[in-house]
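Please read the structure below before turning to the comments.
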Amino acid sequence: MREMPEPVLEAAEFQRRLLDWFNRHGRHDLPWQCQRTPYRVWVSEIMLQQTQVATVIPYFERFMDRFPTLAELAEASQDEVLHLWTGLGYYARGRNLHKAAQRLMAEHGGELPVASLEALAGLPGIGCSTAGAIIAQSTGQRAVILDGNVKRSLSRLHAVEGWPGRPAVERRLWALAEHYTPEERVVDYTQAMMDLGATLCRRGTPECSRCPFVDVCVAHARGEQRRFPEPKPKKALPTRTTLMLVLQDSGGRVLLEQRPASGLWGGLWGLPQFDDLVALRDWLDVHAPGAALQPNWPAFSHTFSHFKLEITPQPARVVGLDSVGEARCWYDPGNPGRIGLAAPVKSLLASLAPFALAAPEGP
DNA sequence: AACTCGGGGAC
DNA sequence: GTCCCAGAGTT
């Protein structure tokens, strides 16, 4: 407990101020705040990992429309789950959600174990903070959360030095979060902490004048709100290059391959990728003999958090190739199927959909 | 403790 | 262009 910075307020006073602010200025009409079942809260919390609310909302609506219950999610194919995840990123979340749903049906009677933090956090895709959020939001039982919003607010309030990704810093923030979390009104308290960080104590331009803690905030007193939390130490992004084969048959359909189950774009469908033209030609010799290469299209780049990928689309034509082998399919860009696609692939296919027989300008 | 895993919003 | 977001899993 000596790890905990000095609290700026007693817990009861902190809660009173926060909840009073939340009553007047909090968000009360997010899609997962109605019919607050453990299942809906769970799905929302998974989608909201490292993803902003405005981005999540349409995905959440489509997901709930297609999978209204845990049982229906468990019975679906992974392809269909990933299809609804296309564009949301971090696809392991979708795979883990699906896997957890099947495990819950088989081993937990089709219910989330919301009475146990440990049982919840033992499910794939659910860590400490998400487990706490699910319990707090769906049962009202006391549970502590520490997401990006809470980290930002608490690190400013107490001027906690160091990048929150460092375990030592994260431990101090957990201790503070633990200290302030109440026994009562946990649903509102939890939502209020996230709303405070998302709407007031924002990363770029915090609105300190409207903050219920402006008078006790250490960072504000020093005029250093912007310095907290400390940014992640950065390093140069490596650049990788790849060729993406856009092999079309006489009907304009495009050959897709399903990617390995784990790793980048795991389980999604994509274009065959190659390091260089030699490897691409070798592959064509084996899998699509007689295919005719066309001039490549302009390269474009796609930036990930840890590297930049420069993609050169390499179009080719083939006729009379019906059997394409395991984990491959012919995809009609004008009539998309319900499968998961990597974002740049989806963009590339969309750009050629209306002009299946013409070379597009690029995505 | 460091690395992997996405896409988009905000600036 | 940069930064980072309702983090978790793997090494």
Side-chain angles (χ1 to χ4, degrees), chain A residues 26-27 30-33 41-60 82 85-97 99-100 120-134 136-137 143-153 162-171 173-174 177 190-199 201-206 226 229-238 240 259-268 270 301-309 340-347 363:
Chain A
R27 295 176 292 187
L30 296 170
W32 41 89
Q33 288 179 309
V41 170
W42 172 41
V43 172
S44 74
E45 289 300 331
I46 300 300
M47 288 188 168
L48 286 160
Q49 289 169 359
Q50 297 293 291
T51 312
Q52 296 182 355
V53 168
T55 303
V56 163
I57 288 175
Y59 285 87
F60 180 80
L82 290 179
W85 216 271
T86 291
L88 196 55
Y90 281 152
Y91 298 95
R93 294 183 298 173
R95 298 196 303 271
N96 284 333
L97 190 70
K99 195 185 309 175
L120 217 43
L123 290 165
I126 302 181
C128 284
S129 184
T130 299
I134 293 171
Q137 297 277 3
V144 183
I145 64 163
L146 187 66
D147 62 13
N149 288 312
V150 181
K151 285 179 179 173
R152 187 168 52 256
S153 304
W163 176 52
R166 267 176 45 202
V169 179
E170 190 167 6
R171 277 199 299 276
L173 294 172
W174 268 114
T190 304
Q191 188 62 46
M193 284 301 284
M194 295 190 281
D195 287 358
L196 185 75
T199 67
C201 199
R202 296 186 302 262
R203 177 170 65 91
T205 55
R226 303 289 300 279
E230 283 187 22
K232 175 180 180 165
K234 61 175 176 182
K235 43 195 156 180
L237 286 187
R240 304 182 198 170
R259 299 178 58 84
S262 63
L264 190 66
W265 294 329
L268 272 61
S301 70
H302 185 78
T303 305
F304 296 88
S305 48
H306 49 306
F307 66 94
K308 187 166 95 173
L309 186 63
L341 293 170
V345 174
K346 181 179 181 181
S347 165

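Note that the coordinates shown come from a computational prediction; the quantities given were computed from them, not determined experimentally. Numbers restart at 1 for each chain; the letters A, B, ... are given by sequence-line order, proteins then strands.
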* To do: Write down the distance between CG (A:Leu48) and P (B:dG9), rounded to a whole number of angstrom.
  => 15 Å
* Asked: Where the side chain of A:Gln50 is defined as all heavy atoms beyond and including C-beta, which of C:dA6, B:dC5, C:dC5 is the nearest nucleotide?
  -> C:dC5
* A:Arg93 (side chain) and C:dA6 (base): donor-acceptor pair under 3.5 Å -> no
* Asked: Reckon A:Ser305 touches a base, only the sugar-phosphate, or nothing at all at heavy-atom distances under 4.0 Å?
  -> base
* Separation of B:dG8 C1' from A:Arg203 CZ (nearest whole Å) -> 12 Å
* Shortest side-chain distance from A:Arg152, nucleotide among C:dA6, B:dG7, C:dC3 -> C:dA6
* Heavy atoms under 4.0 Å, any strand shown: does A:Leu88 hit a base, just sugar-phosphate, or nothing? -> base
* Asked: Rounded to whole angstroms, how far apart are OH on A:Tyr59 and P on C:dC5?
  -> 20 Å
* Asked: Would you say A:Arg95's side chain and A:Gly266's backbone share a donor-acceptor pair under 3.5 angstrom?
  -> yes
* Is there a donor-acceptor pair closer than 3.5 Å between any side-chain N or O of A:Thr130 and the backbone N or O of A:Gly127? -> no
* To do: Look at the side chain of A:Pro231 and decide which nucleotide, out of B:dG6, C:dC4, C:dA6, has an atom nearest to it.
  => C:dC4
* To the nearest Å, how far apart are A:Met194 CE and C:dA6 C1'? -> 6 Å
* Asked: Does A:Tyr90 put a side-chain nitrogen or oxygen below 4.0 Å from OP1 or OP2 of B:dT4?
  -> no
* To do: Measure from NE2 on A:His306 to P on C:dC3 and round the result to the nearest Å.
  => 17 Å
* Which part of the nucleic acid, if any, lies within reach of A:Gly127 when heavy atoms closer than 4.0 Å are counted: base, sugar-phosphate only, or nothing? -> sugar-phosphate
* Do A:Glu230 and A:Val169 have side-chain heavy atoms sitting under 4.5 Å apart? -> no
* Answer with base, sugar-phosphate or nothing: what part of the nucleic acid does A:Ala343 contact at a heavy-atom distance below 4.0 Å? => sugar-phosphate
* Would you mind telling me which residue lines up with the more 5' stretch of DNA chain B, A:Arg95 or A:Arg202, judged by nearest nucleotide? => A:Arg95
* Asked: What is the nucleic acid contact for A:Gly263, judged by heavy atoms within less than 4.0 Å: base, sugar-phosphate only, or nothing?
  -> sugar-phosphate
* Taking the side chain as every heavy atom from C-beta outward, state whether A:Leu97 and A:Trp85 have any pair of such atoms under 4.5 Å apart. => yes
* Mind checking side chain to side chain donor-acceptor pair (under 3.5 Å) for A:Arg202 and listing every partner two or more places apart, or none if nothing turns up? => A:Thr205, A:Glu207
* Sugar-phosphate, base or nothing in reach of A:Trp32, heavy atoms under 4.0 Å -> base
* Asked: In whole Å, what is the span from the NZ atom of A:Lys308 to the P atom of B:dC5?
  -> 19 Å
* **Nucleotide nearest A:Leu30 (side chain, heavy atoms from C-beta), chosen from C:dA6, B:dA1, C:dA8** => C:dA6
* Considering just the side-chain nitrogens and oxygens of A:Lys235, establish if one lies under 4.0 Å of OP1 or OP2 belonging to B:dC3. => yes
* To do: Take atom C1' in C:dC5 and the same atom in B:dC5, then report the distance between them in whole Å.
  => 14 Å
* To do: Return the orientation label for the A:Trp265 and A:Phe304 ring planes: parallel under 30°, perpendicular over 60°, tilted otherwise.
  => tilted
* Between C:dG7, B:dG7, B:dG6, spot the one nearest the side chain of A:His302, thanks. => B:dG7
* Asked: Expressed in angstrom and rounded to an integer, what is the separation of A:Arg226 atom CZ from C:dT2 atom P?
  -> 18 Å
* A:Thr130, nearest nucleotide to its side chain (from C:dA8, C:dA6, B:dG7) -> C:dA8
* Nearest of C:dG7, C:dC3, B:dG6 to any side-chain atom of A:Gln49? -> C:dG7
* To do: Give the nucleotide from the list B:dG9, C:dA6, B:dG7 with an atom nearest to the side chain of A:Thr55.
  => B:dG9
* Asked: Heavy atoms under 4.0 Å, any strand shown: does A:Gln137 hit a base, just sugar-phosphate, or nothing?
  -> nothing
* Check A:Thr55, A:Ile57, A:Val56 against A:Val53 for a side chain to side chain contact (heavy atoms under 4.5 Å, CB included) and give me the one that passes. => A:Ile57
* **A:Trp85 side chain near B:dG7 phosphate (N/O to OP1/OP2, under 4.0 Å)** => no
* Taking the P atom of each, how far is C:dG9 from B:dG8, in whole Å? -> 24 Å
* **Interatomic distance where CD belongs to A:Glu170 and C1' belongs to B:dA1 [whole Å]** => 12 Å
* Return the 5'-most residue of the pair A:Leu341, A:Lys232 with respect to DNA chain B, ranking by each residue's nearest nucleotide. => A:Lys232
* When you measure from the side chain of A:Gln52, which nucleotide among C:dC5, B:dG6, C:dG9 comes out closest? -> C:dC5
* To do: Considering only atom P, compute the distance from C:dA8 to B:dG9 and round it to an integer number of Å.
  => 23 Å
* To do: Dump the intermediate steps for side chain to side chain contact (heavy atoms under 4.5 Å, CB included) on A:Trp42 and A:Ile126, then the final yes or no.
  => CA-CA 9 Å; A:Trp42 172 41; A:Ile126 302 181; 3.4 Å; yes
* **Touch class at under 4.0 angstrom, heavy-atom based, for A:Ile145 against every strand present** => nothing
* Asked: A:Lys234 side chain N/O closer than 4.0 Å to the phosphate oxygens (OP1, OP2) of C:dC3?
  -> yes
* To do: Rounded to whole angstrom, note down the C1' distance from B:dG6 over to C:dC4.
  => 12 Å
